[in-house]
Amino acid sequence: MLFAGQGSQHKGMGAEVLERYPGLVGFASDLLGYDLATLCTKDPDGLLGRTEYTQPAIFVVNALHGFERTHREDRPADVYLGHSLGEYNALLAAGVFDFETGLRLVAKRGELMAAASDGGMAAVLDTPEERLLELLTDHGIDGVDIAGLNTPSQLVIAATPPVLAAAVECLEENGIRVARLRVSAPFHSRYMEPARVRFAEFLTGFAFAAPRTPVVSNVTARPHRPEETARLLAEQLVAPVRWTDCVRSLLDRDDDVEFTEIGGTSLTRMVDKITSGA
């Protein structure tokens with residue numbers, strides 16, 4: 001079972017489940033200090049795209065979709081996998097922490113990531129990682145991190161504004177397609193280290209249970225172990241999202257594995273591209 005992360009938000013998201021769980025939505029709104037249902041469904045102040053609001057909103061909507069699936073007694077998952085923020089929903093579904101704990105974690109995560117505003121990200125298409133790094137090195141561009149390996153044909157890079165601008169210009173001049181991402185900071189890169197330190201300290205105030213169902217870590221592409229959960233959640237802020245490796249680790253176990261995405265199709269499209277070349 002797959003849970004999407006930041007980037008999947010849109011006005012009107014979760015309308016069908018938010019109204020069916022007024023107690024949980026009210027609790028989340030009280031904890032966050034704003035009307036979560038109005039933010040998700042109407043976004044009157046244009047805040048849904050801001051990281052500190054986006055992350056709690058997606059977490060809650062994903063969680064409610066997961067609860068709906070459980071209440072319908074749909075087939076339980078054998079493995080959970082979430083993309084970046086979505087990993088928190090995977091851990092929630094696996095019983096590593098409860099809804100309140102997860103919401104507190106993502107609220108702090110979103111706050112810290114939003115505060116790291118000096119930089120950006122871009123998607124690079126149809127270029128292997130080795131070729132990408134070699135090209136940047138040959139042109140004297142230093143300071144670019146690989147922030148995501150989404151599919152064999154899509155990588156994500158992160159850097160400070162001048163370095164990212166130079167990298168994009170270099171790649172485009174060499175015939176490589178690049179798309180700037182609408183994010184406020186260079187997530188999943190070395191530039192998030194101050195946020196990682198503060199988040200790691202915050203995580204010491206929480207206890208994490210062993211997953212009842214395996215959850216694949218974005219950092220290692222291997223199942224979470226309870227003694228490493230806090231470290232990996234902090235490390236995730238500075239480490240690339242190894243989505244391709246995560247999916248391939250499941251295909252190594254069973255090439256007929258069935259992927260079911262909660263609340264969207266973006267991850268399913270990535271999985272299709274990965275499985276077609278696995």
Side-chain angles (χ1 to χ4, degrees), residues 3-10 13 28 31-34 36 39-40 43 45-63 82-92 96-97 100-123 143-150 155-161 163-164 180-206 208 217-219 229-243 246 266-267:
F3 292 96
Q6 194 162 347
S8 63
Q9 72 275 7
H10 61 275
M13 61 184 279
L31 189 153
L32 296 169
Y34 52 83
L36 186 67
L39 172 71
C40 292
D43 192 21
D45 301 312
L47 300 176
L48 187 57
R50 288 174 48 178
T51 297
E52 63 267 39
Y53 292 92
T54 305
Q55 296 198 13
I58 291 174
F59 174 80
V60 171
V61 171
N62 277 349
H83 191 281
S84 188
L85 170 69
E87 191 166 314
Y88 287 77
N89 286 105
L91 292 167
L92 170 66
V96 174
F97 45 68
E100 178 182 354
T101 297
L103 185 55
R104 291 187 184 278
L105 293 177
V106 300
K108 187 65 172 181
R109 182 182 189 268
E111 171 193 322
L112 293 173
M113 292 177 73
S117 57
D118 189 23
M121 306 174 77
V144 175
D145 282 357
I146 303 296
L149 300 98
N150 286 335
L155 303 177
V156 177
I157 58 174
T160 58
V163 173
L164 186 64
R180 291 283 195 115
L181 302 184
R182 295 178 62 184
V183 295
S184 59
F187 303 145
H188 300 293
S189 75
R190 72 186 86 173
Y191 305 105
M192 299 299 294
E193 178 60 18
R196 185 203 68 78
V197 171
R198 292 183 63 188
F199 193 50
E201 182 179 356
F202 181 74
L203 288 167
T204 62
F206 298 89
F208 301 103
S217 164
N218 286 183
V219 175
T229 298
R231 181 184 67 81
L232 290 177
L233 290 181
E235 188 72 14
Q236 193 203 58
L237 296 184
V238 297
V241 176
R242 299 188 176 279
W243 187 254
C246 290
S266 59
L267 299 182

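The chain is numbered in sequence order, starting from 1.
- With values rounded to the nearest 0.5 angstrom, Cys40 atom SG is found 9.0 Å from Ile58 atom CD1.
- Taking CG from Leu237 and CE from Met192, the interatomic distance works out to 5.5 Å, rounded to the nearest 0.5 Å.
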message: Evaluate Arg190 against Glu193 for salt bridge (charged side-chain N to carboxylate O under 4.0 Å, His left out), listing each step before the verdict.
response: CA-CA 6 Å; Arg190 72 186 86 173; Glu193 178 60 18; over 6 Å; no
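- Contact detail for Leu267 and His83: the closest heavy-atom pair is CD2-CB, 3.7 Å.
- In terms of modelled atom types and a separation under 3.5 Å, the side chain of Thr160 and the main chain of Gly119 share no donor-acceptor contact.
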message: The test is side-chain contact (heavy atoms from CB on, under 4.5 Å); show your working for Leu91 and Phe208 and say whether it passes.
response: CA-CA 10 Å; Leu91 292 167; Phe208 301 103; over 6 Å; no
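- When all heavy atoms are compared, the tightest approach of Arg196 to Ala234 is CG-O, 3.1 Å.
- Asn218 places a side-chain N or O within donor-acceptor distance of the main-chain N or O of Gly82, the cut-off being under 3.5 Å.
- The minimum heavy-atom distance between Leu92 and Phe97, with the atom names listed, is CD1-O, 3.3 Å.
- Put simply, CZ on Arg242 and CD on Gln236 are 12.5 Å apart, with the number rounded to the nearest 0.5 Å.
- In this structure, the side chain of Tyr191 does not engage the main chain of Asp145 through any donor-acceptor pair within 3.5 Å.
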task: Would you sort out whether Val241 and Leu149 count as a side-chain contact (heavy atoms from CB on, under 4.5 Å), showing the intermediate values?
output: CA-CA 6 Å; Val241 176; Leu149 300 98; over 6 Å; no
field: Phe199/Val197 under side-chain contact (heavy atoms from CB on, under 4.5 Å): CA gap, chis, key distance, verdict
entry: CA-CA 6 Å; Phe199 193 50; Val197 171; over 6 Å; no
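- Put simply, the side chain of Gln9 gets close to the backbone of Gly7: a donor and an acceptor are under 3.5 Å apart.
- Between atom CG of residue Leu32 and atom CG of residue Leu39 there is a gap of 9.0 Å, rounded to the nearest 0.5 Å.
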field: Gln6 vs Ser84, side chain to side chain donor-acceptor pair (under 3.5 Å): CA-CA, chis, key distance, verdict
entry: CA-CA 8 Å; Gln6 194 162 347; Ser84 188; over 6 Å; no
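- Taken to the nearest 0.5 Å, the CD atom of Gln55 stands 11.5 Å off from the CG atom of Leu103.
- The shortest distance between side-chain heavy atoms of Thr101 and Val96 does not fall below 4.5 Å.
- Atoms CG and CZ, on Leu85 and Arg109 in that order, are 5.5 Å from each other to the nearest 0.5 Å.
- Leu232 and Ser217 make their closest contact through CD1-OG, 3.8 Å (heavy atoms, listed as atom of the first residue, atom of the second, distance).
- For the pair Glu111 and Lys108, the salt-bridge criterion is met [side-chain N within less than 4.0 Å of a carboxylate O].
- The minimum heavy-atom distance between Ser8 and Gly5, with the atom names listed, is OG-O, 2.8 Å.
- The main-chain N or O of Asn89 is never found under 3.5 Å from a side-chain atom of Asn62 such that the two would form a donor-acceptor pair.
- The closest donor-acceptor contact from the side chain of His188 to the backbone of Ala239 lies under 3.5 Å.
- Scanning all heavy atoms of the two residues, the minimum distance from Ala159 to Gly143 falls at CB-O, 3.6 Å.
- In this structure, Ile146 and Ile157 have side chains that are in contact, with non-hydrogen atoms separated by less than 4.5 Å.
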